[in-house]
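Just so you know, these numbers use all the heavy atoms, side chains as well, and skip hydrogens, waters and symmetry mates. The residues of the chain are indexed from 1 along the displayed sequence.
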Amino acid sequence: MDVLFALQSHYGWLSDGAMAEAADMLSMTPLEVEELATFYTFLYREKVGKYVIHICDSLICWMKGGENLKDHLCKRLEVELGGTSADGLFTLLPVCCIGYCDLSPAMLVNRKIYGSLTREKIDGIIESLRADSANGKGGRP
């Protein structure tokens with residue numbers, strides 16, 4: 001896992017070349033590495049944006065308005081779930097639960113948690129990330 005995360009951090013995602021590199025380094029078959037990479041939510045086999053947003057779609061988040069917030073986020077970023085924004089900054093992915101039910105609805109951005117979300121809070125987070133990106137801050141997942 002550490003090797004896959006290091007390669008992903010370096011390349012931004014796990015391309016076929018990165019997967020072959022991992023297999024060689026770990027003395028594993030490409031299939032074994034592929035099975036690992038496709039099992040874990042935080043390993044990406046396709047290109048992702050600079051900021052990967054995992055929006056929780058658990059029952060608890062849904063009961064607290066998470067579905068409306070997901071729709072707001074899709075509109076705000078002009079992207080569907082599973083897609084990347086046109087500017088390449090944001091990838092929006094659903095996740096079944098992030099274990100933050102006490103402060104739901106919640107989302108992760110590059111594995112940093114944000115809870116008790118509202119439309120206004122989401123807008124502020126997005127604007128802050130855009131500003132960080134424009135100033136050369138922020139980073140890959």
Side-chain angles (χ1 to χ4, degrees), residues 1-23 25-141:
M1 293 301 299
D2 290 337
V3 169
L4 292 175
F5 279 121
L7 289 168
Q8 179 172 276
S9 179
H10 179 73
Y11 295 117
W13 64 294
L14 293 171
S15 66
D16 290 342
M19 296 292 284
E21 190 176 341
M25 289 173 28
L26 299 169
S27 299
M28 295 172 70
T29 68
L31 179 59
E32 289 171 322
V33 176
E34 181 73 21
E35 288 171 342
L36 265 176
T38 56
F39 181 78
Y40 290 97
T41 302
F42 296 109
L43 292 173
Y44 311 115
R45 287 290 283 130
E46 296 179 7
K47 287 185 181 181
V48 292
K50 183 174 184 177
Y51 301 103
V52 178
I53 301 172
H54 287 91
I55 186 84
C56 187
D57 66 358
S58 73
L59 178 61
I60 300 299
C61 284
W62 179 79
M63 288 172 51
K64 290 191 167 188
E67 186 70 18
N68 293 330
L69 295 177
K70 176 197 57 94
D71 292 342
H72 176 72
L73 196 51
C74 286
K75 285 180 188 173
R76 181 90 163 98
L77 299 176
E78 299 178 353
V79 67
E80 295 294 320
L81 280 179
T84 299
S85 59
D87 60 9
L89 281 181
F90 301 98
T91 296
L92 183 58
L93 301 171
V95 64
C96 65
C97 184
I98 56 177
Y100 213 54
C101 298
D102 58 326
L103 292 174
S104 63
M107 68 182 185
L108 296 166
V109 180
N110 290 3
R111 298 171 64 180
K112 179 181 177 185
I113 194 138
Y114 295 89
S116 302
L117 294 174
T118 62
R119 289 174 185 238
E120 295 77 21
K121 191 169 183 179
I122 286 173
D123 290 345
I125 293 165
I126 297 303
E127 288 310 310
S128 177
L129 294 171
R130 286 189 195 278
D132 284 352
S133 181
N135 294 323
K137 297 179 184 175
R140 289 250 173 241

Write down the atom of Cys96, the atom of Ser58, and the distance for their closest heavy-atom approach. O-CB, 3.1 Å
Quick one, Ile53 and Leu77 - any side-chain contact, counting heavy atoms below 4.5 Å? yes
Nearest-0.5 Å distance, CD1 of residue Ile98 to NE2 of residue His54: 9.5 Å
From CH2 (Trp13) to NZ (Lys47), nearest 0.5 Å: 6.0 Å
4.5 Å side-chain heavy-atom contact, Leu93 and Thr41: no
How far apart are the closest heavy atoms of Ile60 and Ser104, and which atoms are they? CG2-OG, 3.3 Å
May I ask you to test the His72-Asp123 pair for a side-chain heavy-atom distance under 4.5 Å? yes
Between Gly115 and Tyr100, which heavy-atom pair has the shortest distance, and what is it? CA-CE2, 3.7 Å
Decide yes or no for Leu129 and Lys50: does some side-chain heavy atom of the first lie under 4.5 Å from some side-chain heavy atom of the second? no
Quick one: are Tyr44 and Thr91 in side-chain contact, heavy atoms under 4.5 Å? no
Indicate the atoms forming the closest heavy-atom contact of Val33 with Leu4, along with that distance. CG1-CD2, 3.7 Å
Give me the one residue out of Asn135, Asp87, Ile125 that meets side-chain contact (heavy atoms from CB on, under 4.5 Å) with Arg130. Asp87
Does some side-chain heavy atom of Leu43 sit less than 4.5 Å from a side-chain heavy atom of Leu36? no
How long is the gap from CZ on Arg119 to CZ on Arg76, to the nearest 0.5 Å? 11.5 Å
Is it the case that the side chain of Gln8 and the backbone of Phe42 share a donor-acceptor pair, with hydrogens and angles ignored and the cut-off at 3.5 Å? yes
So, do Phe90 and Ile126 sit near enough that their side-chain heavy atoms are less than 4.5 Å apart? yes
Identify the two heavy atoms, one from Glu21 and one from Leu7, that lie closest to each other, and give their separation to 0.1 Å. OE2-CD2, 3.5 Å
Restricting to non-hydrogen atoms, name the atom on Val79 and the atom on Thr84 that form the minimum distance, rounded to 0.1 Å. CG2-N, 3.4 Å
